[in-house]
2 protein chains.
Amino acid sequence: MNRASDPNLTELAQQFRESLRLGVYMFRRLDPEGELTAAQLSLLSMISDGGLRVGDIAKNLGIKVPSATEQIIKLERAGLVTRQADPDDSRAVQVVITKAGTAAVESANQRRNAMVAGMLQELSTAEIEQLAAALPIISKINSSFQN
Amino acid sequence: MNRASDPNLTELAQQFRESLRLGVYMFRRLDPEGELTAAQLSLLSMISDGGLRVGDIAKNLGIKVPSATEQIIKLERAGLVTRQADPDDSRAVQVVITKAGTAAVESANQRRNAMVAGMLQELSTAEIEQLAAALPIISKINSSFQN
DNA sequence: GATTCATATTTAGGTAGCCTAATAGTTAGG
DNA sequence: CCTAACTATTAGGCTACCTAAATATGAATC
């Protein structure tokens, strides 16, 4: 089946792209005064359940390895992560979150969630339900994009 | 009414932020080889129905005036827009799209819409409906954010 | 076990797209 | 007319990405 040229789907694609654009701007403006940038919070959140190698971090974030290294170096200098030799492969490096890193993630998430929740509370109950239903679909679209 | 501390709303906020993050990465990867960057396409689309002043462009894009000026200069050098004195206010500048600019927008939109439509066609009819219902809500959230 | 090929990371250098602060020109109100 | 407010540009800086090249380790082959 190929519906990609369906005019309705194209129209929806256009609207979806516009939403993506709005999302980029919202994302950038969320808590700009916070101690963590958006990129740093994404990286720290990713390793908060256990250390990962640089390459895995890059892959999961959808960026190139040198870009990940750069962020990791900044986070290390800030005392939020440590780099340790991977015991199984001494070419690789395990990036592990520190206590300070965990604390920073928690406070950053709280601040940002509070900001977003403040925006969401202006929605009606029906709108909140519709939004909640759509978020998993966006994740699904993203998965198909990764390939 | 203050529901912002409602745990359910906070949970939804967290999920929404994650979707935002995914959106950022999708947006960045959409047609990276194209002749227009995402920022350029956003700006050009905005003026495709008629010239706008630099300040209006900046406001609509959610960026500062000097950032808009910078983009406009690049687009002008590429022959996609022209800058003209505003007849009513000679402090202001009208930014007008050229024929080449219009052509570039059309082809960029087609390419990007086709890419997105390709991703959307993997969704079920129900999912497409749910997504379509949520997009206006995202616009609404963004509006409340602008303030 | 030495050579060669592949993998993991870092270093070096570059770009896009934002920002703030300072400057120059234009308008409008007192 | 003069001052305050507005519009845009210039100058300089930052974050977060990129590619290409260097370094180090691991794996495979002979």
Side-chain angles (χ1 to χ4, degrees), chain A residues 20-21 23-44 46-47 51-78 80-96, chain B residues 21 24-44 46-47 51-78 80-96:
Chain A
L20 248 34
R21 188 180 78 77
V24 169
Y25 284 104
M26 282 192 264
F27 194 72
R28 187 156 36 220
R29 284 171 180 64
L30 224 46
D31 195 23
E33 308 294 319
E35 77 176 304
L36 294 177
T37 66
Q40 289 172 340
L41 178 55
S42 296
L43 199 162
L44 282 179
M46 175 165 306
I47 61 171
L52 286 179
R53 310 199 313 179
V54 176
D56 293 331
I57 291 171
K59 186 190 287 182
N60 291 341
L61 288 176
I63 62 180
K64 301 299 176 186
V65 171
S67 306
T69 295
E70 187 179 338
Q71 292 294 347
I72 290 161
I73 288 170
K74 284 182 196 162
L75 290 169
E76 190 177 42
R77 277 205 266 268
L80 304 179
V81 305
T82 56
R83 284 193 284 187
Q84 310 172 355
D86 184 323
D88 300 334
D89 183 344
S90 34
R91 290 170 304 180
V93 171
Q94 287 277 338
V95 182
V96 179
Chain B
R21 188 180 77 78
V24 169
Y25 285 104
M26 282 191 263
F27 194 72
R28 185 151 44 216
R29 283 171 182 61
L30 226 44
D31 194 24
E33 309 293 319
E35 76 175 305
L36 294 178
T37 65
Q40 289 172 340
L41 178 54
S42 297
L43 198 161
L44 282 178
M46 175 166 305
I47 61 172
L52 285 179
R53 310 197 315 176
V54 176
D56 293 330
I57 292 171
K59 185 190 290 184
N60 292 341
L61 288 176
I63 61 180
K64 301 298 176 187
V65 170
S67 305
T69 296
E70 187 180 336
Q71 291 294 345
I72 291 161
I73 288 171
K74 283 183 197 161
L75 289 169
E76 189 176 44
R77 276 204 266 267
L80 304 179
V81 306
T82 56
R83 284 193 283 187
Q84 310 172 355
D86 184 322
D88 300 333
D89 184 343
S90 33
R91 291 170 303 181
V93 171
Q94 286 277 339
V95 183
V96 179

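The sequence lines fix the lettering, A, B, ..., with proteins before strands; numbering per chain opens at 1. No experiment lies behind these values; they were computed from the predicted model shown.
- For C/dA16, neither phosphate oxygen OP1 nor OP2 lies less than 4.0 angstrom from any side-chain nitrogen or oxygen of B/Thr37.
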Test log, rule side-chain contact (heavy atoms from CB on, under 4.5 Å), inputs B/Gln94 and B/Arg83: CA-CA 6 Å; B/Gln94 286 277 339; B/Arg83 284 193 283 187; over 6 Å; no
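- We find that NZ of B/Lys64 is positioned 5 Å from P of C/dT20, with the value rounded to whole Å.
- With rounding to whole Å, A/Leu41 atom CG is found 11 Å from D/dA16 atom P.
- To the nearest angstrom, C1' of D/dT7 lies 12 Å from CD of B/Gln94.
- Not a single donor-acceptor contact under 3.5 angstrom links the side-chain atoms of A/Arg91 to the base of C/dT9.
- Nearest nucleotide to the A/Ile63 side chain, out of D/dC17, C/dC18, D/dT15: D/dC17.
- A straight line from CG of A/Asp86 to P of C/dT10 spans 12 Å, rounded to a whole angstrom.
- Contact annotation: A/Thr69 reaches the phosphate of C/dT10 (side-chain N/O to OP1 or OP2, under 4.0 Å).
- B/Val93 comes within contact range of the sugar-phosphate backbone alone, with a heavy-atom separation under 4.0 Å but no base atom that close.
- The 5' end of DNA chain C is approached more closely, in terms of each residue's nearest nucleotide, by B/Lys74 than by the other of B/Asp88 and B/Lys74.
- Remark: C1' of C/dA16 and CD1 of B/Ile73 are 15 Å apart, rounded to the nearest angstrom.
- Here the nucleotide nearest the side chain of B/Ser90, chosen from C/dT27, D/dT10, C/dC18, is C/dT27.
- A side-chain contact (heavy atoms from CB on, under 4.5 Å) with B/Ile72 is found for one member of B/Leu80, B/Ile47, B/Ile57 and no other, namely B/Ile57.
- Contact annotation: A/Gln71 side-chain N/O to D/dC17 OP1/OP2 distance is under 4.0 Å.
- With rounding to the nearest 0.5 Å, the separation of OG1 in A/Thr37 from CG in A/Asp31 is 10.5 Å.
- To the nearest 0.5 angstrom, A/Glu35 atom CD is 10.0 Å from A/Leu41 atom CG.
- In this structure, CG of B/Asp56 is placed 9 Å from P of D/dT7, rounded to the nearest angstrom.
- Comparing C/dT10, C/dA8, D/dT10 by their nearest atom to the side chain of A/Asp89 picks out C/dA8.
- With C/dT20, C/dT10, D/dA8 as the choices, the nucleotide that has an atom nearest any side-chain atom of B/Val54 turns out to be D/dA8.
- Note: NZ (A/Lys59) to P (C/dT7) measures 12 Å, nearest angstrom.
- Atoms NZ and CD, from A/Lys64 and A/Glu70 in turn, are 15.0 Å apart once rounded to the nearest 0.5 Å.
- As a whole-Å value, the separation of A/Glu70 CD from C/dG14 C1' is 12 Å.
- In terms of position on DNA chain D, the residue among B/Tyr25 and B/Arg53 whose nearest nucleotide sits closer to the 5' end is B/Arg53.
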